[in-house]
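So the structure is just underneath, and the comments pick up after that.
Each ligand, and each atom within it, is numbered from 1 in the order the structure gives. The model shown is predicted, which means the values in this text are computed figures rather than measured ones.
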Amino acid sequence: MKLLVDAGNSRLKWRLDDQGRVVSKGIGALDEPEWLAGLGPFADKISGVAVSTVASEGRRLDLASQLARLTSAPVRFHWAEPQRSGLVNGYTDCQKMGADRWHAMYAAWRRSDQGVAVVDAGSAVTVDYVSAGGQHLGGFILPGLQMMVRSLRTDAARIGFDPSQALDTTPGLSTTQCVNHGLAWLTAAMVGRIHDDVKRAGLRQVLVTGGDADRLVGLGLNAVVARELVLDGLALIDEEDQRP
Ligand SMILES: Nc1ncnc2c1ncn2[C@@H]1O[C@H](COP(=O)(O)OP(=O)(O)O)[C@@H](O)[C@H]1O
Ligand SMILES: CC(C)(COP(=O)(O)O)[C@@H](O)C(=O)NCCC(=O)O
Ligand SMILES: [K+]
């Protein structure tokens with residue numbers, strides 16, 4: 001049984017796979033070891049752990065020690081790579097790319113032989129374009145929803161508002177409306193830009209993942225929601241690397 005871990009800046013997603021079958025899964029927080037409780041019953045069946053993380057080095061080491069308390073199985077951290085099975089990273093310095101982006105892109109590339117856009121709406125939003133030939137054409141990094149809400153709350157003295165998940169993009173008539181509608185309006189504009197890029201580059205599909213995936217779809221993103229895209233790519237890569 002293999003434990004797959006996607007440790008992002010906000011949340012940790014885990015999944016237990018056994019020969020291609022999902023045995024169990026969960027979401028937790030890296031700083032709160034409670035997430036490990038759900039794994040207790042399976043601990044002695046874990047034969048290996050594969051991790052994709054964008055957390056700081058300090059938090060990565062904390063994660064490594066949490067995992068060492070759970071299991072003595074080997075823990076493998078996977079990072080962005082220059083290329084794999086026909087997918088070519090467009091970064092000149094691949095080590096600088098977030099592991100989650102590479103793993104999501106790899107899963108997308110393996111499930112489609114056509115050009116694809118990968119959107120990860122997490123703490124930050126990332127957008128990456130991959131051509132039909134597997135060339136990573138580049139991407140974008142933007143602040144995510146909670147990050148934008150936080151910055152408005154902390155960096156402006158007189159913006160008092162109640163954040164809501166409203167998808168209303170009409171002009172607001174109160175501070176709360178102006179903020180919430182503004183964030184929806186901004187996201188809808190981003191969705192329009194993604195559609196333009198996808199058309200221009202001749203990509204055939206958009207895959208969206210991350211905690212705010214449904215919000216993007218709600219704001220018009222024409223995409224297939226793939227909730228575990230990072231874990232899917234991580235699983236494929238770890239499997240390939242373990243093959244003799
Ligand atoms: N239950 C939840 N807890 C925290 N964030 C959530 C939750 N549901 C949706 N979200 C949204 O998901 C985003 C974080 O997405 P996630 O994919 O978990 O991020 P990361 O991979 O960076 O940890 C937040 O910006 C938030 O708006
Ligand atoms: C852009 C990210 C912060 C997104 O992470 P997330 O929101 O999923 O936690 C992460 O992929 C990252 O730290 N990237 C490093 C910089 C780069 O990809 O170029
Ligand atoms: K992200």
Sub-4.0 Å atoms of ligand 1 with respect to non-hydrogen atoms of Ser10
20 (P), 22 (O), 23 (O)

Just going by heavy-atom distances, which of Ala104, Ala124, Gly98 is nearest to atom 2 (C) of ligand 2?
Ala124

Sidechain N-carboxylate O distance under 4.0 Å for Asp62, Arg59:
no

Do the charged groups of Asp241 and Arg243 touch, with an N to O distance under 4.0 Å?
no

Pick whichever of Val54, Asp100, Val230 has a heavy atom sitting closest to atom 4 (C) of ligand 2.
Asp100

In this structure, CG of Asn180 is separated from OG of Ser164 (nearest 0.5 Å) by 3.5 Å

Look at Lys2 together with Asp18 and state whether they make a salt bridge at an N to O cut-off of under 4.0 Å.
no

Below 4.0 angstrom from a heavy atom of Arg101, which ligand 2 atoms are there? Numbered from 1 as shown, please.
11 (O), 17 (C), 18 (O), 19 (O)

Enumerate the atoms of ligand 1 whose separation from the nearest heavy atom of Gln146 is less than 4.0 angstrom.
24 (C), 25 (O), 26 (C), 27 (O)

To the nearest 0.5 angstrom, please state how far the CZ atom of Phe161 sits from the SG atom of Cys178.
11.5 Å

Basic-acidic side-chain contact under 4.0 Å: Glu228, Arg15:
yes

Under a 4.0 angstrom heavy-atom cut-off, which atoms of ligand 1 come close to Gly8?
20 (P), 21 (O), 23 (O)

Which pair of non-hydrogen atoms, one from Met147 and one from Ser123, has the smallest distance, and what is that distance?
CE-O, 3.2 Å

Between Asp120 and ligand 1, is there a nitrogen or oxygen pair with a distance under 3.5 Å?
no

Near Lys96, which atoms of ligand 2 are under 4.0 Å from a heavy atom of that residue?
15 (C), 16 (C), 17 (C), 18 (O), 19 (O)

Tell me the closest heavy-atom pair linking Val230 and His103, and the distance in Å.
O-CB, 3.7 Å

List every atom of ligand 2 that sits less than 4.0 Å from any heavy atom of Asn9, numbering the atoms from 1 in the order shown and giving each element.
3 (C), 5 (O), 6 (P), 9 (O)

Hey, is Asp238 close enough to Arg76 for a salt bridge, meaning N to O under 4.0 Å?
yes

Can you name the atoms of ligand 2, numbered from 1 with element, that are less than 4.0 Å from a heavy atom of Tyr91?
17 (C), 18 (O), 19 (O)

Could you list which atoms of ligand 1 come closer than 4.0 Å to a heavy atom of Gly210?
17 (O)

Any idea which of Pro163, Gly122, Pro143 brings a heavy atom closest to atom 14 (C) of ligand 1?
Gly122

Can you find an N/O atom of Thr126 closer than 3.5 Å to an N/O atom of ligand 2?
no

Taking non-hydrogen atoms only, is Lys13 closer than 4.0 angstrom to ligand 1 via side chain, backbone, both or neither?
side chain

Going by distance only, is there an N or O of Ala124 that falls short of 3.5 Å from an N or O of ligand 1?
no

Any side-chain donor-acceptor pair under 3.5 Å between Arg215 and Thr187?
yes

